[in-house]
Structures are given as structure tokens and as C-alpha cells.
Amino acid sequence: MKLSTTTAMYRDRPEGRAVIPIIDCVRRLHKAGYEDVDFNFCLMNQYDLELTNDHWMDWVKEMKEVLAELNMTAGQAHTPFYNVLDPSSVKDVDHTEEMVRRSIKAAGELGVKAIVIHAGTHFSDNDYKKILRENVEYFKPHVELAAGYGMKVAVENLFDKMDPNRGYRLRRYTARVDEVLEVADTLSVLGFRPCQRDGLGSASGPGDDRGTSHRSPCTGQLRRHRRSSSALPRHHRVGASYEDFKEDRL
């Protein structure tokens, strides 16, 4: 077992004061004793960073050399996060989707085994069969792209969104374990698997403050999170070819 954590541990500074380069993050994590890394590409659609310029593949090559130099591996990565069923949730959805694709390609080149993408939600519509169907359509090309690198896609749980004006939480798809499993089961033949991030289950309000150490279903590697929520089966891993997908699963 390897000790692993995310580059976001150092990378994202509060209030946008600084965004530390990923290579610097990896070197710091290695110095702290980590042997595996989760590449967090969540900010790629917000700032001019490693994957946003025309020379992004040069950075991928350099990052690959650094991993080899430090004898580190990359078990997981995370694409830019936004509500994929609501294009208006980001300033430029085309740019954001290009960063999602580059994140998948970069992760594949770096030997990542699974890349995280969040499912989307229609906050004004409680037709969850429709939401499931639209998420499947969104994920299809990304799962296919990842499969070209021998990489799986993981869906990570979310939390209900607090509406301060209304004083209550808005229902968000995949905030509940059964919904994560529903998406995973529907896309199982595409090489999809669930990812439960302990902490997100209670991130929208008061929750269990007891710390928990566990093997994450995302990577199978040790992580520590301050808050805990219900855990998914730890080894729900599936995979098959894109052509095996059956529309009648919906």
C-alpha cells in the first residue's frame, strides 16, 4: 500500500492568492513522504495554468520525468468541476470541456489508473430518470477517450447545495450513495466505477466531525478526511469496451 494524497493539498491557496505549480506540489508531497499522487486539474478552466496553453504536452512530458525521478506513481486525477448538465454554470463551457479532455489525455500519459468526473444536476427538475439519461450521454465520449489510455472513469459523490436565500438545501444528484451506484451500474459496461469522497457527504452543513482513515474506493490507497459519510463498496470496479454499451439499460 502506498500513501497518497491530492496536489490540491498545496496547490490551492485561500481566496485566490496563489496557485502553486503542480510540479512544485508533487516535489513537496514527495518530501513529506507521499509515494503516490492524485492530480487535481479542477482549476484548469479558471486560470492560465499547465494545460491551458499550446505547449501543455511539454508540461506533461516534464511531469512524467519528475514522477520517474522521484519514483512516484499517479493513481488518480480529477477533471475541472462544473455542473455538466448546466452549461451556464461556467463562463465558457467550450473551453471548460477542452480542459476536461486535456485533463483526461494528460492523466493517461502520466499513467493514471482512474480519472474523476462529477455527474450533473437539474436543480429545477426532479425527473431523476432524465438526469441519469443525460449524465450517461455526457459521460460516453469521456469514458471512450479514457479507455484509449487504458484508464477508467470514476464518478465522485457530491453534496446538496445550500441556498442561503431560501434557507434550505437544493437536492443534488449523486449526493446519495444509491444514486452514485445507479450511475455506475448504468455505465458499468463503459468502464465506469463509483468514487466516494468522505467529507463531501457532510460538506453542505453540520455532520460527523470524527476523523476517519480508510482505503478510498477511488484509488484503493490510504487517505485521511476530517468528516465521514456512508461508504460505498470498496472494490466496485468494472470495465468493457465502448461498443458493449446497451442503450436499453436506461
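Heads up: numbering here begins at 1 and tracks the sequence. All values reported here derive from a predicted model rather than from experimental measurement. Computed over heavy atoms, backbone and side chain alike; hydrogens, waters and symmetry mates excluded.
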Would you check if the side chain of D160 reaches a backbone N or O of R172 as a donor-acceptor pair within less than 3.5 Å?
-> yes
Begin with the C-alpha distance, continue with both residues' side-chain angles, and end with the deciding distance and a verdict on side-chain contact (heavy atoms from CB on, under 4.5 Å) for S4 and V37.
-> CA-CA 5 Å; S4 177; V37 66; 5.7 Å; no
Going through the checks in order, is the side-chain contact (heavy atoms from CB on, under 4.5 Å) test met by E97 and R102?
-> CA-CA 9 Å; E97 275 300 304; R102 289 188 184 185; over 6 Å; no
Tell me, please, which residues at least two apart from N126 pass side-chain contact (heavy atoms from CB on, under 4.5 Å).
-> Y128
Give a yes-or-no answer on whether the side chains of H95 and Q46 include a donor-acceptor pair shorter than 3.5 Å.
-> no
Is it true that D125 and K130 make a salt bridge, defined as a side-chain N closer than 4.0 Å to a carboxylate O?
-> yes
Student check: side-chain heavy atoms of M63 and F39 closer than 4.5 Å = yes
Between atom SG of C25 and atom OH of Y34, what is the distance when rounded to the nearest 0.5 Å?
-> 12.5 Å
Trace of the side-chain contact (heavy atoms from CB on, under 4.5 Å) decision for T73 with L67 = CA-CA 6 Å; T73 54; L67 288 176; over 6 Å; no
At what distance, to the nearest 0.5 angstrom, does CD1 of I22 lie from CG of L49?
-> 7.5 Å
Any idea which heavy atoms bring A107 and M151 closest together, and the distance?
-> CB-SD, 3.9 Å
Tightest non-hydrogen contact, residues L187 and F139, listed as CD1-CB, 3.9 Å
N/O donor-acceptor pair under 3.5 Å between N157 side chain and A175 backbone = no
Please report the C-alpha distance between H78 and H118 in whole Å, then the side-chain angles of each, then the deciding distance to 0.1 Å, and finally whether the side-chain contact (heavy atoms from CB on, under 4.5 Å) criterion is met.
-> CA-CA 9 Å; H78 198 307; H118 286 280; 3.2 Å; yes
Say you draw a straight line from CD1 of I23 to CD of E50; how long is it, rounded to the nearest 0.5 Å?
-> 7.5 Å
Is the closest side-chain heavy-atom distance between L51 and S103 below 4.5 Å?
-> yes
Name all residues meeting the ring pair (Phe, Tyr, Trp, His ring centres under 6.0 Å) criterion together with Y82; count only those two or more places apart in sequence or in a different chain, and write none if there are none.
-> none
Under the 6.0 Å and 45° cation-pi test, does K105 pair with Y149?
-> no
Of all heavy-atom pairs linking A74 and L110, the shortest is CB-O, 4.0 Å
Under the salt bridge (charged side-chain N to carboxylate O under 4.0 Å, His left out) criterion, do R133 and D127 qualify, and how do the steps go?
-> CA-CA 10 Å; R133 186 165 55 249; D127 184 347; 5.3 Å; no
Applying side-chain hydrogen bond (donor to acceptor under 3.5 Å, both in side chains), which residue pairs with at least one partner in residues 52-65 are found, sequence neighbours left out?
-> D48-T52
Could you tell me the separation between the OG1 atom of T79 and the CE atom of M44, rounded to the nearest 0.5 Å?
-> 11.5 Å
Going by atom types only, do T7 and N40 share a side-chain donor-acceptor pair under 3.5 Å?
-> no
Hey, are the side chains of M72 and D36 touching, using non-hydrogen atoms and a 4.5 Å cut-off?
-> no
Would you say Y173 and L158 make side-chain contact, with heavy atoms under 4.5 Å?
-> no
Option from L181, T174, V180 for which side-chain contact (heavy atoms from CB on, under 4.5 Å) with V177 holds | L181
How long is the span from the CG atom in D94 to the CE atom in M99, to the nearest 0.5 Å?
-> 11.0 Å
Please say whether the positively charged group of R171, taken as NZ for Lys or CZ for Arg, lies over the ring of F123, i.e. under 6.0 angstrom from the six-membered ring centre and within 45 degrees of the axis.
-> no
Does a side-chain heavy-atom distance below 4.5 Å link T96 with F81?
-> no
Under 3.5 Å: donor-acceptor pair, side chain of D24, backbone of I20 | no
For D92, which residues count as a side-chain hydrogen bond (donor to acceptor under 3.5 Å, both in side chains) partner, sequence neighbours excluded?
-> none
Residues in side-chain hydrogen bond (donor to acceptor under 3.5 Å, both in side chains) with E134, at least two apart?
-> H122
So N83 and S89, side chain to side chain donor-acceptor pair (under 3.5 Å) or not? Walk me through it.
-> CA-CA 6 Å; N83 185 352; S89 64; 5.4 Å; no
Nearest heavy atoms of A77 and F41, plus distance in Å = CB-CE1, 4.1 Å
Among all residues two or more places apart in sequence or in another chain, which pass the salt bridge (Lys or Arg N to Asp or Glu O under 4.0 Å) test with E182?
-> none
Contact summary for A146 and V153, nearest pair of heavy atoms | CB-CG2, 3.8 Å
Rounded to the nearest 0.5 Å, what's the gap from CD on Q76 to OG1 on T5? Could you check?
-> 11.0 Å
Report yes if some heavy atom in the side chain of R169 is under 4.5 Å from a heavy atom in the side chain of D163; otherwise report no.
-> no
